[in-house]
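Shown next, in structure tokens, is the structure this report addresses.
None of these values were measured; they are calculated from a predicted model.
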Amino acid sequence: MIPLDHIIEVALLVLAAYLGGCLIGYGAHLAFRAYQSRPQLAPAIAAREEKSSPATKTAPAPTTRSAARRLASAVEREDTEPVQAPASSQLRPPDLPAPRDGKADNLRAIKGIGPKTESALNDLGIYHYDQIAAWTGAHIDWLEGRIAVKGRIRREQWVEQAVLLATAIA
């Protein structure tokens, strides 16, 4: 049988080798991170060359932006006030004073229209699928300025859905 002293000695040697490997790996990790975060010499050299020969300027290399920065800039552009097109290009869609036969279609059957949007459309005199099916691009532009659905009408294809629902009823 193996004496207990030898088992303890082997266990301590394995532990020492493990800890030594951890320390070497951590040191390599720190060295690699320091290498990556060091100041770049290329901008300093380029600035020196620019001072020496101003006639030979080169355009700076385009920087790549992260997905989060691209998304943030897109949101900032959407938050700015949209440029209003001339009144002639934005037309109000045909409306009705009340639903035909006193009964409106269930506009919530169109994906993307919820109770609040249906109420807003009803307030604008839009009650039926055939009204939505007849919308043009100018009508959609006008509606997006009136109800809070920026881009959703085209993206969720309300007009196409309304055509299918209107033809299914008829």
Side-chain angles (χ1 to χ4, degrees), residues 21-22 25-26 28-47 50 56-170:
C22 287
Y26 183 66
H29 172 74
L30 289 179
F32 182 72
R33 295 219 25 207
Y35 176 76
Q36 281 186 328
S37 65
R38 75 185 192 292
Q40 300 293 324
L41 298 177
I45 293 170
E50 188 175 304
T56 59
K57 286 188 178 180
T58 59
T63 58
T64 56
R65 297 183 332 177
S66 68
R69 291 208 187 268
R70 290 192 308 265
L71 179 61
S73 65
V75 169
E76 287 173 4
R77 282 187 302 238
E78 286 180 2
D79 287 343
T80 60
E81 193 63 33
V83 177
Q84 291 293 328
S88 62
S89 70
Q90 291 186 344
L91 300 172
R92 181 184 177 116
D95 59 341
L96 297 173
R100 290 185 212 116
D101 299 326
K103 186 173 183 219
D105 292 337
N106 180 14
L107 299 181
R108 285 178 278 174
I110 297 174
K111 289 184 182 178
I113 296 181
K116 289 183 180 180
T117 306
E118 181 182 33
S119 174
L121 290 171
N122 289 343
D123 291 343
L124 292 171
I126 299 166
Y127 301 99
H128 301 284
Y129 300 132
D130 61 285
Q131 288 178 281
I132 297 173
W135 287 352
T136 63
H139 295 146
I140 293 170
D141 292 338
W142 185 88
L143 280 164
E144 286 180 345
R146 301 304 184 279
I147 56 178
V149 292
K150 290 184 180 175
R152 286 181 50 206
I153 296 174
R154 287 184 177 93
R155 183 175 62 245
E156 296 172 352
Q157 301 176 339
W158 290 6
V159 175
E160 291 81 1
Q161 291 182 59
V163 169
L164 291 173
L165 290 168
T167 56
I169 291 175

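Salt bridge status for Arg100 with Asp130: present, with a side-chain N to carboxylate O gap under 4.0 Å. The residues Arg146 and Asp141 are annotated as not salt-bridged, no charged nitrogen and carboxylate oxygen being separated by less than 4.0 angstrom. At a threshold of 4.0 Å, the pair Glu118-Arg108 counts as salt-bridged, since one of the basic side-chain nitrogens sits closer than that to a carboxylate oxygen.
What you find for Trp135 and Pro93 is that their closest heavy atoms are NE1-CB, 3.5 Å. Contact between Pro99 and Ala104 at its shortest, heavy atoms only, is CB-N, 3.6 Å. The minimum heavy-atom distance between Ala162 and Ala133, with the atom names listed, is CB-N, 3.8 Å. Considering all non-hydrogen atoms of both residues, His128 and Leu96 come closest at CD2-CD1, 3.6 Å.
Within 6.0 Å of atom CZ in Arg155, more than 12 heavy atoms from other residues, nucleotides or ligands are found, so the atom counts as buried in its surroundings.
In this structure, the side chain of Gln131 engages the main chain of Gly125 through a donor-acceptor pair within 3.5 Å. Between the Arg154 side chain and the Gly137 main chain, a donor and an acceptor come within less than 3.5 Å of each other. No side-chain donor-acceptor contact under 3.5 Å links Ser119 to the backbone of Pro115. In this structure a side-chain-to-backbone donor-acceptor pair under 3.5 Å is present from Arg92 to Leu124.
Side-chain contact between Asn122 and Tyr127 is present, with heavy atoms from C-beta onward closer than 4.5 Å. You'll find the side chain of Leu107 stays beyond 4.5 Å of the side chain of Thr117, heavy atoms only. Using a 4.5 Å heavy-atom threshold, the side chains of Leu143 and Ile126 count as touching.
Taken to the nearest 0.5 Å, the CG atom of Leu91 stands 12.0 Å off from the CD1 atom of Ile140. Between atom CD1 of residue Ile113 and atom CD1 of residue Ile147 there is a gap of 7.5 Å, rounded to the nearest 0.5 Å. Put simply, CH2 on Trp158 and OH on Tyr129 are 13.0 Å apart, with the number rounded to the nearest 0.5 Å. Residue Gln157 holds its CD atom at 13.5 Å from CZ of Arg152, rounded to the nearest 0.5 Å.
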